There are 2 protein chains.
Amino acid sequence: MRKAKIHSMEELSATIGISRPTLSRYFQNPESVRASTARKISDAMETLDYVPNFFATRLNRKATGMLGVVIPHATDLFFASLLEQIEIVAAELGYTVFTQSSHGSPEMESRAIEQLLSMNADGVLVAPLGGQSRLESLDRLRRNLPMVLVDSAIPGLDDVDFVGTDNHQSIKMIGEYLLRTGHAPTFLGMPRLNANAAAREVAYIELMEERGLEPVVIRGQSVGDSWHFEAYAHDVMEEHFAQGRHVSGALLCANDRLAIGALRAATRFGLTGENGLRIAGHDDHPLSRFMTPALTTVAQDIPAIAAAALRLVTDQIKGDAHDLPPRRETFATRLIIRESA
Amino acid sequence: MRKAKIHSMEELSATIGISRPTLSRYFQNPESVRASTARKISDAMETLDYVPNFFATRLNRKATGMLGVVIPHATDLFFASLLEQIEIVAAELGYTVFTQSSHGSPEMESRAIEQLLSMNADGVLVAPLGGQSRLESLDRLRRNLPMVLVDSAIPGLDDVDFVGTDNHQSIKMIGEYLLRTGHAPTFLGMPRLNANAAAREVAYIELMEERGLEPVVIRGQSVGDSWHFEAYAHDVMEEHFAQGRHVSGALLCANDRLAIGALRAATRFGLTGENGLRIAGHDDHPLSRFMTPALTTVAQDIPAIAAAALRLVTDQIKGDAHDLPPRRETFATRLIIRESA
DNA sequence: TCCTCCCTTTTACGCGTGTAAAGAAATGAA
DNA sequence: TTCATTTCTTTACACGCGTAAAAGGGAGGA
């Protein structure tokens, strides 16, 4: 049962009596050799323990078959879900994806970008940290590899393809829903401002002004560069609630993780009952439907975003034309009415 | 501002007038060349756009400096948190980590393992799917690379280092807490049986029998190989509650994601008030404290697990002795009493 | 000024595989 | 059996860099 270990294709060639170039072709595509030969090889492989060296195979190819993905945080289920979709589509296209998480740190993000550059990935999908991202790193990446920004655009880096959600549409949709059902929402923004944070806040303000209403934006102390959205929202809202502010009407949160934190605070203050404070989120976090009350929110079209992102990179890869005008694809969200608002 | 692009070290050598071997040494360790030379190189690099090719650098080295990590699901916050810790520690040790998610599928898990084998990673950390994992794949990996199983052991693959949580301790601790505070818990198990699922159930049964109590285990219809624990638990419990079963006393869930689903079902049936059904989980999921009621649970020591896993692989890597007896490190959990039980 | 020591350059080979070109062998049909 | 065609083998070079050995150069001390 213990198979003999073979370390190189050369060695394999010697032991099974088939020339190395033929083996090379076989491993790239078994059908590129005669059926009888392919059989002979695969039979021999049953007895032997050999895998072509990944590095060596990519070294002398025009394309490495690798796709880099950078996300800000692996522990945010939105990005984890996005990554999952990307990996699935990429696998179908035959790409090996190399994922790097920035862990919320600009240094790590830059390191990740260096990694992908040095690996000569065929293309890169970047969900950037946002405002804290180092522009030079991203710009360098853009100049050297096919690249697509996902989820959040970067002000100042405009000539890059972008795929994300139409924040204007989504905020307007849920905002109008809240208005329609009786309340002008207050807005709870994200602690750190990436492009989405800004865009959603702007969309909210525009909606309110359009209706001749006074926009009210809650912005708490940004505790360091914390990605602990739930805790942030909880603490911010707890302070407000304790002072009797924002205890009724509707609260529109920039994302579900904030909403979950806010919901918790509201519940503790007994604010979420019938005719109580209404809370809405954004993103349709996987756990939102399990909250009490279940969270009303808007769902981003993650599969569509992932598919589009891959379509755009592969276009760049095939076209090899870096001088195309930058494309921008945004997707509409779906309103999900549950109990919280 | 647009830097000239250099494609190889050879080319770099020609343009800045420093020999390639010296450059090679510089990039591996800038202090291995004379200070004046290092300065000369780094000055030149300011103007040029060059990164050593990752594949080429690893090709002719004894160690690749890569660590492979396989997790069952990137969208499970427990594994995402574990991965985060692993990446942080690995980065400190100078390893480049290559993460692959199995997406809950044995085929993907095997593919991931093939990838890591072909990349000749220095070592691999595997959080296996569990019962569905292909033993041949894992066994092949074990024979060829330093490897450590994390989180869940694999029956039939005993001669491998393992790092995880002491399920016996954790279940006993939270079970005794429930008993001490007045209720003999019913147990809600995971739908798919990996080693943890089995171990926790066994621990529960042992605890109950120890006390002379009748163990009651709820096991629902395993809907395919669903990793949607919350939905599974919700549906299973909803059916029970609708029939008036398990509506009081205490429910001990095999993990927090199940508990979240159960909690939701219980709340909808109005079971979670004062003197109502008590629900406890396992793992201290990041959102557990934000549930209503906040979830009582036990916290796994994720940083300790990550650190231990890396210690064990690096030991194997350094020692290069595959014939050490397998080591097994389990960590105790911490009881976290909140509102739900 | 000369010599020693240290760092650098030169030269060369190796890592494991891709790939091209030319000749040899095997296949299939007539 | 013969020929045309496909497929394989042989040979060679390439990818980008690690690394060893020998020779060259510069700085510092006497």
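All values below were derived from every heavy atom in this structure, side-chain atoms included, with hydrogens, water molecules and symmetry-related copies excluded. Just so it is clear, the model here is predicted, and its values are computed rather than measured. Order of the sequence lines sets the chain letters (A, B, ...), proteins ahead of strands, with each chain counted from 1.
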Identify whether any heavy atom of Tyr50(A) sits under 4.0 Å from a base atom; if not, whether one sits that close to sugar-phosphate; answer base, sugar-phosphate or nothing.
sugar-phosphate
So, are Arg134(B) and Asp139(B) salt-bridged, with charged N and O less than 4.0 Å apart?
no
Hey, does the side-chain of Asn60(A) have a donor or acceptor N/O within less than 3.5 Å of a partner on the base of dG18(C)?
yes
Over how many whole Å does the gap from Ile16(A) atom CD1 to dC8(D) atom C1' extend?
13 Å
Going through the distances and angles, do Phe98(A) and Phe54(B) end up as a ring pair (Phe, Tyr, Trp, His ring centres under 6.0 Å)?
CA-CA 13 Å; Phe98(A) 190 83; Phe54(B) 187 81; 7.2 Å; no
Length of the CZ-C1' vector between Phe55(B) and dG18(C), whole Å
14 Å
Rounding to an integer number of Å, can you tell me how far His7(A) NE2 sits from dG16(C) P?
9 Å
Upstream residue (5' side of DNA chain C) when Leu59(B) and Val33(B) are each assigned their closest nucleotide:
Val33(B)
Starting from C1' on dT7(D), measure out to CG on Asn29(A) and report it in whole angstrom.
15 Å
Closest-nucleotide 5' rank along DNA chain C - winner of Ala56(B) and Ala35(B):
Ala35(B)
The residue, Arg34(B) or Val51(B), whose nearest nucleotide of DNA chain D is more 5′ is Val51(B)
For Lys5(B), is there an ion pair with Asp49(B) - N to carboxylate O distance below 4.0 angstrom?
no
Proximity to the side chain of Pro21(B) - top-ranked nucleotide from dG18(D), dT19(C), dT11(C)
dT11(C)
Just the rounded figure in Å: distance from C1' of dT19(D) to CZ of Phe27(B).
17 Å
Let's see if you can work this out: which of dT19(D), dT17(C), dT8(C) has an atom nearest to the side-chain heavy atoms of Arg20(B)?
dT19(D)
Between P on dC8(D) and CD on Glu31(A), what's the gap in Å once rounded to a whole number?
13 Å
Looking at Arg61(B), I'd like to know whether one of its side-chain N or O atoms comes within less than 4.0 Å of OP1 or OP2 on dG18(D).
yes
N/O (side chain, Thr22(B)) to phosphate O (OP1/OP2, dT9(C)) under 4.0 Å:
yes
Any side-chain N or O of Ser24(A) below 4.0 angstrom from OP1/OP2 of dT17(C)?
no
Kindly say if Thr37(B) contacts the phosphate of dT8(C), meaning a side-chain N or O under 4.0 Å from OP1 or OP2.
yes
By the 4.0 Å heavy-atom rule, please label Ile18(B) as base, sugar-phosphate, or nothing.
sugar-phosphate
Could you go through the side chain to side chain donor-acceptor pair (under 3.5 Å) check for His73(B) and Glu84(A) one step at a time?
CA-CA 9 Å; His73(B) 245 303; Glu84(A) 185 172 47; 3.3 Å; yes
Residue whose nearest DNA chain D nucleotide is more 5′ - Met9(B) or Lys40(A)
Lys40(A)
Give Arg58(B) one of three labels, base, sugar-phosphate or nothing, depending on what nucleic acid heavy atoms sit under 4.0 Å from its own.
nothing
Salt bridge (charged side-chain N to carboxylate O under 4.0 Å, His left out) test vs Arg142(B) passes for just one of Asp161(B), Asp158(B), Asp159(B), namely Asp159(B)
Between dT9(D) atom P and Arg25(A) atom CZ, what is the distance in whole Å?
10 Å
With a non-hydrogen cut-off below 4.0 angstrom, is Tyr26(B) in contact with a base, only sugar-phosphate, or nothing?
nothing
Does the pair Leu67(B) and Val124(B) meet the rule for a side chain to side chain contact (heavy atoms under 4.5 Å, CB included), with working shown?
CA-CA 6 Å; Leu67(B) 228 48; Val124(B) 180; over 6 Å; no
Rounded to the nearest angstrom, tell me the gap between atom CD1 in Ile41(A) and atom C1' in dT7(D).
12 Å
Any Ser8(A) side-chain nitrogen or oxygen under 4.0 Å from OP1 or OP2 of dG16(C):
no
Nearest to the Gln28(B) side chain among dG18(C), dT17(C), dT19(D), which nucleotide is it?
dT19(D)
